[in-house]
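One-based numbering, in listed order, for ligands and for the atoms of each.
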Amino acid sequence: MTLMMASRMVAARSFGVVSHLSSMQSPTPLSVRQLSMDAKGFASRLVDAGLLRSQALIGGKWSDAYDGKTIEVHNPATGDVITTVPCMGQNETNDAISAAYNAFSSWSKVTSVERSKCLRKWYDLLISHKEELGQLITLEQGKPLQEAMGEVTYGAGFIEFFAEEAKRVYGDIIPSPLADRRLLVLKQPVGVVGAITPWNFPLAMITRKVGPALACGCTVVIKPSELTPLTALAAAELALQAGIPPGVVNVVMGNASAIGDALLASPQVRKITFTGSTAVGKKLMAGAAGTVKKVSLELGGNAPCIVFDDADLDVAVKGTLGAKFRNTGQTCVCANRIMVQEGIYEKFVDAFSKAVQKFQVGHGFSEGVTQGPLINEAAVQKVESFVKDATSKGAKVVLGAKRHSLGMTFYEPTVLSDVKSDMIIAREEVFGPVAPVLRFKTEDDALRMANDTNAGLAAYIFTNSVQRSWRVAEALEYGLVGVNEGLISTEVAPFGGVKQSGLGREGSKYGMDEYLEIKYVCLGNMNSK
Ligand code: NAP
């Protein structure tokens, strides 16, 4: 049986289960029936395009788990099983590492121009399959289709950007203090990279790592989240189609700690790059010590969004909506604490909640939807417990604060006022569509509150004062600051956190450094003829 036939069978089999589950669980059978049909249509288009892959990729070969174990991939909007993927562990990971190690010896020696061409081809393929990839992201992650296609543009942008940067890995010549010597600095790829990524941006969190890694001449073993492996596999299929040699990009998934431990234990893996929770990031950092690997960590945030009295109200509302509700509040840079100065507080809460009320919640494939489901039941329960803690301590519900009538993992867009800094919702990432609004008196108070956290990823400020913009941006202990703007991520700028939000930067020219070693070469005896 061909792979294509097999994946057609898996898709057909899974969709049978799904319609049944959907009609049993959803309170709105008509729209769910419609969705199941749409989703079925999307899935068959993905199969036709060869993009619904349900096996891992090791050394250029599509592979099942060696013991045949699988895990189900669900559509979070319906609970339906989309397909199954291999549940892999240590043995498969070791083989993927060997494949990457073998491929490194040739890929690292390919000229930068050739590597650049391969990456550019990969970018072109990602963009020409933007619609299918967007559908795949919506199917397995739940975000609205429009937003999913935006992720494809954003994610592919890293491949395009680093295709160009591949040609600019410059070294240095250092003026020598001794007349008979010449001192050179070479930049060389670190080697095999283990890339572990989360579910909230199933494509972009991969391309942000793999783009620069491949541009520098590294090879990779990717471990996507078990919740969203299909986009990773589709991207890997397109990498093969782009002519990126077998073994340069490998994808394994399944038992996260077994895969993580194998990557950490292997002396052949020279770098771990991770995006995900701070707790797992700390474990990986400790585990990397055993073989002294380079580590980059993009971890959780607790972003303050500070609205000063002198802000333009419309700009502040629009910017805060974007910063808070993108991907239904499930991003590391989502505004987690909306801190509003007392003079503008009531006006802001009023205008902001009126705008939030207009959001359309629903399945990501439905027209006009801006808020999809949360990723799973555990995510909803976390949101519920944070909201309960806040309201029990005096926060007021302006909007929402309950599950949505659509059922499943849909939660109503929520605004809470009178939130205080000691509530859990202001101390930890809520990772959901809940906007807690806090009040402050002075700029000093705002800075104290904003910096009173172990996190340091993104912060936002809204003010019409140029002086205050500079002063506050400089004083915030964060890696990214948006001034009068809530959506600031781009492949051309450095992304990353300080304090316990991470190490290293992704995107931009700085993103290349994470995958390069510096070698000093001293040429002696240069005066002899
Ligand atoms: P997570 O639970 O830490 O998972 C992230 C990845 O790590 C997944 O692939 C997961 O695999 C894997 N993993 C879990 N335990 C592991 C272990 N012991 N060894 C090796 N790998 C392991 O985080 P998440 O819930 O997916 O993502 C949400 C978090 O990511 C939030 O805190 C968010 O702020 C953060 N995030 C940060 C950024 C950034 O750029 N700073 C961007 C996006 C998200 P499985 O899923 O298969 O278990």
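Heavy-atom distances between Arg208 and ligand 1 reach below 4.0 Å in at least one pair. Between Phe431 and ligand 1 there is a heavy-atom distance shorter than 4.0 Å.
Of the candidates Gly287, Gly276, Pro229, Ser257, the one placing a heavy atom closest to atom 17 (C) of ligand 1 is Ser257. For atom 41 (N) of ligand 1, the choice among Ile71, Ile272, Leu299 with the nearest heavy atom turns out to be Leu299. The option from Glu226, Glu298, Lys223, Lys283 that lies nearest to atom 11 (O) of ligand 1, judged by heavy atoms, is Lys223. Selection from Ala258, Cys334, Pro224, Ala256 by nearest heavy atom to atom 22 (C) of ligand 1 gives Ala256. Nearest to atom 5 (C) of ligand 1 by heavy atom, out of Thr228, Asn255, Thr275, Val280, is Thr275. Proximity annotation for atom 36 (N) of ligand 1: of Gly496, Gly479, Ala455, Cys332, Cys332 comes nearest, heavy atoms only.
Among all non-hydrogen protein atoms, the one lying nearest atom 6 (C) of ligand 1 is Thr197 O, 3.5 Å. Considering only non-hydrogen protein atoms, atom 1 (P) of ligand 1 sits nearest to Ser277 OG, 3.6 Å. Scanning the protein for heavy atoms near atom 24 (P) of ligand 1, the closest one is Trp199 NE1, 3.4 Å. The protein heavy atom nearest to atom 34 (O) of ligand 1 is Glu429 OE2, 2.5 Å.
The shortest N or O to N or O distance between Asn200 and ligand 1 is not below 3.5 Å. For Thr331, no nitrogen or oxygen atom sits less than 3.5 Å from a nitrogen or oxygen atom of ligand 1, counting backbone and side chain alike.
The nearest protein heavy atom to atom 45 (P) of ligand 1 is closer than 4.0 Å.
Ring planes of Phe158 and Tyr154: perpendicular class, angle over 60° (limits at 30 and 60°).
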